[in-house]
2 protein chains.
Amino acid sequence: MTVKNIAGDNHLSSVKNALRILRSFSMDEPEKKISELAESLGLNKSTVSRTMSTLASEGFVFKDPDSKKYRLGLSLLSLGGIVNSQMDIYRESHPVLNRLVQEVGETAHIAVLDNHEVIYLQKVECNHPVKVLTHIGKRNPPYSTSSGKTLLAYAKEEIIEAVIERGLQRFTRNTIVDPKKLVTHLKHIREKGFAFSIEEFHEGVNSIAAPVYDYQGKVIAALAIVGPKQRIQPSKMPALSKKVISAANDISSRMGYWK
Amino acid sequence: MTVKNIAGDNHLSSVKNALRILRSFSMDEPEKKISELAESLGLNKSTVSRTMSTLASEGFVFKDPDSKKYRLGLSLLSLGGIVNSQMDIYRESHPVLNRLVQEVGETAHIAVLDNHEVIYLQKVECNHPVKVLTHIGKRNPPYSTSSGKTLLAYAKEEIIEAVIERGLQRFTRNTIVDPKKLVTHLKHIREKGFAFSIEEFHEGVNSIAAPVYDYQGKVIAALAIVGPKQRIQPSKMPALSKKVISAANDISSRMGYWK
DNA sequence: CGCATGAGTTGCGCTATATGCAACAAAAGA
DNA sequence: TCTTTTGTTGCATATAGCGCAACTCATGCG
């Protein structure tokens with residue numbers, strides 16, 4: 001007898017399995033074995049094996065001939081590209097990011113909130129040899145980065161509650177783990193119109209973010225610059241934040257937001 | 001009675017349906033209705049409806065609140081980003097270079113544009129005793145080699161201007177040193193889809209290059225073959241260029257470039 | 001304003017089909 | 001070489017996905 005999906009789930013389970021398999025791949029673990037997947041997702045080896053061969057037949061995964069493990073396939077690259085091109089913020093923000101990166105000499109990126117996580121839509125890297133690595137599509141917790149906190153600050157009450165509900169995990173000495181502190185912190189962000197993170201997610205990494213508005217005046221994204229603490233120092237924050245805010249406003253106005 | 005999948009297909013059909021639905025989205029048709037999908041894929045409306053709700057629950061699609069049609073979701077952005085980061089041109093180009101070298105008997109290499117210079121990322125040498133020496137990491141001016149001219153031809157206007165600004169140095173009798181000539185020459189390259197250099201950088205050395213595209217259709221590298229003028233003769237150029245273009249296209253498709 | 005048309009969702013019953021098991025095959029160690 | 005681990009496949013079973021059709025919303029049109 002199979003353990004049924006939790007009640008209320010009227011979803012196609014084999015499809016759901018396939019999607020969960022795909023989503024279990026990550027930047028850190030780009031290749032997976034059948035048995036690993038079966039183990040981690042609580043599925044039978046044979047189920048995973050068959051699902052993988054279906055995924056492979058449509059180009060969503062492929063078997064690496066060297067490591068003999070599975071990797072994500074080119075179909076996902078195409079589909080990801082379509083998603084990317086659809087977001088008009090992508091188009092509009094690119095030149096602005098470029099200019100900002102030139103001005104401040106730090107990596108800049110655009111992030112949005114998706115299901116209690118921050119997801120990076122786009123980035124432009126600085127050409128400094130020392131830089132902070134992120135990648136498009138990466139997901140981070142929203143309460144520990146400047147872009148995440150910015151998005152959270154302007155998000156609906158329920159989302160903030162849901163994030164707190166799910167628990168605030170400590171990543172560094174400075175991570176905000178006290179729900180009350182987070183709430184007042186978000187209030188400050190709304191008042192000042194920008195957010196910063198001083199080693200709250202990764203040691204030695206600081207960032208500054210500002211909100212991007214759409215034509216309805218809704219916050220739809222955050223623009224952030226990220227860099228090592230030696231370069232993004234607290235003393236430089238006022239000047240840098242002005243530039244970040246100005247760039248974010250620039251994108252907002254391209255999105256149809258008028259003051 | 002359902003029409004079964006074509007015999008020999010031992011794939012999970014509901015998963016396959018889901019994947020086919022995803023793949024039916026394209027740059028030109030980024031949003032789809034249930035009934036359209038059902039029609040075009042020969043599936044029942046209810047099947048599509050249920051599949052879509054499963055895909056939506058995992059963030060692979062979402063319903064556009066305005067058009068009320070489905071669009072590809074952010075999960076695909078994440079997964080596409082992972083594929084993208086893995087797709088280093090090194091791995092993908094190596095076997096193709098090998099085959100090309102075997103076919104044409106000349107040294108082949110991959111080059112990219114870096115800060116107004118051409119840099120050679122990778123090469124596979126032919127086993128001919130007489131060969132042209134290059135090495136990985138070598139930098140050359142972009143206006144006097146076939147790979148450099150290819151990259152320049154598809155580069156941004158500013159880069160071309162910057163290269164001209166820095167001056168066109170004469171290396172041989174045939175080096176293009178007239179800015180106007182260079183600009184029209186680059187236009188020709190774009191029209192033909194490949195470039196050649198006849199003793200423009202080193203006396204006695206000819207080369208042929210073609211562009212390599214990434215999944216966004218952007219030119220990210222050039223593939224070139226280099227050899228002594230006795231072997232890469234103008235009369236052989238048409239046949240050789242075909243092979244170079246075909247190899248370059250092969251790499252492009254491995255990088256996720258479709259058509 | 002109400003009727004008609006079309007698109008999407010959902011309950012139901014049937015059986016096609018995805019699953020678990022276990023045997024098998026194929027690598028990878030030892 | 002033998003052992004161990006990992007992936008694939010045949011088979012029987014019952015689950016779960018499918019088509020059908022009724023139903024609900026939207027949308028358009030007279």
Side-chain angles (χ1 to χ4, degrees), chain A residues 1-25 29-73, chain B residues 1-25 29-73:
Chain A
M1 175 59 152
T2 321
V3 178
K4 270 199 186 172
N5 278 336
I6 298 128
D9 248 334
N10 60 339
H11 294 303
L12 311 187
S13 66
S14 61
V15 175
K16 193 154 192 165
N17 287 343
L19 302 181
R20 284 177 60 214
I21 288 175
L22 288 176
R23 291 195 45 175
S24 78
F25 284 79
E29 300 181 78
E31 42 176 43
K32 303 260 197 178
K33 293 192 297 179
I34 299 279
S35 47
E36 276 171 20
L37 286 164
E39 169 72 16
S40 66
L41 298 174
L43 299 168
N44 192 292
K45 269 198 310 176
S46 65
T47 303
V48 176
S49 172
R50 282 185 269 243
T51 305
M52 291 310 270
S53 84
T54 303
L55 287 169
S57 78
E58 295 289 327
F60 281 69
V61 300
F62 71 99
K63 208 181 218 159
D64 189 306
D66 299 326
S67 66
K68 288 174 181 176
K69 292 182 176 182
Y70 281 93
R71 293 177 160 272
L72 297 175
Chain B
M1 176 56 151
T2 321
V3 177
K4 270 199 186 172
N5 278 336
I6 299 127
D9 248 330
N10 60 339
H11 294 303
L12 311 188
S13 66
S14 60
V15 175
K16 192 152 194 167
N17 287 343
L19 302 182
R20 284 177 60 214
I21 288 174
L22 288 177
R23 290 195 46 176
S24 77
F25 285 79
E29 300 182 76
E31 42 176 44
K32 302 262 197 177
K33 293 193 298 180
I34 299 279
S35 47
E36 276 172 19
L37 287 164
E39 169 71 16
S40 66
L41 298 173
L43 299 167
N44 191 291
K45 270 198 311 174
S46 66
T47 303
V48 176
S49 172
R50 282 186 268 242
T51 305
M52 291 310 270
S53 86
T54 302
L55 286 169
S57 78
E58 295 289 325
F60 282 69
V61 298
F62 71 100
K63 209 181 218 157
D64 189 306
D66 299 326
S67 66
K68 287 172 179 179
K69 292 182 174 182
Y70 281 93
R71 292 176 160 272
L72 298 175

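By convention in this document, chain letters (A, B, ...) are assigned in the order of the sequence lines, proteins followed by strands, and residues within each chain are numbered from 1.
- A sub-4.0 Å separation between OP1 or OP2 of D:dG17 and a side-chain N or O of A:Ser13 is present.
- In this structure, A:Asn17 reaches the C:dT19 phosphate: one of its side-chain N or O atoms is under 4.0 Å from OP1 or OP2.
- When the P atom of C:dG11 is taken as reference, atom CG of B:Asn44 falls 16 Å away, rounded to whole Å.
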If the sugar-phosphate is the primed atoms plus P, OP1 and OP2 and the base is the rest, what is the B/S/- string for nucleotides 4-9 of chain C, using protein heavy atoms under 4.0 Å? ---SBS
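- Across all non-hydrogen atoms, the minimal contact from B:Lys32 to B:Phe25 is CG-CE2, 3.5 Å.
- Separating the NZ atom in A:Lys16 from the CZ atom in A:Arg23 is a distance of 10.0 Å, to the nearest 0.5 Å.
- At distances below 3.5 Å, at least one donor-acceptor pair connects side-chain atoms of B:Thr54 with backbone N or O atoms of A:Leu12.
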Contacts table for residues 39-46 of chain A: side-chain donor-acceptor under 3.5 angstrom, sequence neighbours left out:
from	atom 1	to	atom 2	distance (Å)
A:Ser40	OG	A:Glu36	O	3.2
A:Ser40	OG	A:Leu37	O	3.3
A:Asn44	OD1	A:Ser46	N	2.8
A:Asn44	OD1	A:Ser46	OG	3.0
A:Ser46	OG	A:Arg50	NH2	3.4

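- The minimum heavy-atom distance linking A:Phe60 with B:Leu22 is given by the pair CE2-CD1, 3.9 Å.
- Per the geometry, CG belonging to B:Leu12 stands 9 Å off C1' belonging to C:dT17, to the nearest Å.
- The interatomic distance linking B:Met52 (CE) with D:dC18 (P) rounds to 14 Å, in whole Å.
- When the P atom of D:dG7 is taken as reference, atom CD of A:Glu31 falls 12 Å away, rounded to whole Å.
- Atom CG of residue B:Leu72 and atom CD1 of residue B:Ile21 lie 11.5 Å apart, to the nearest 0.5 angstrom.
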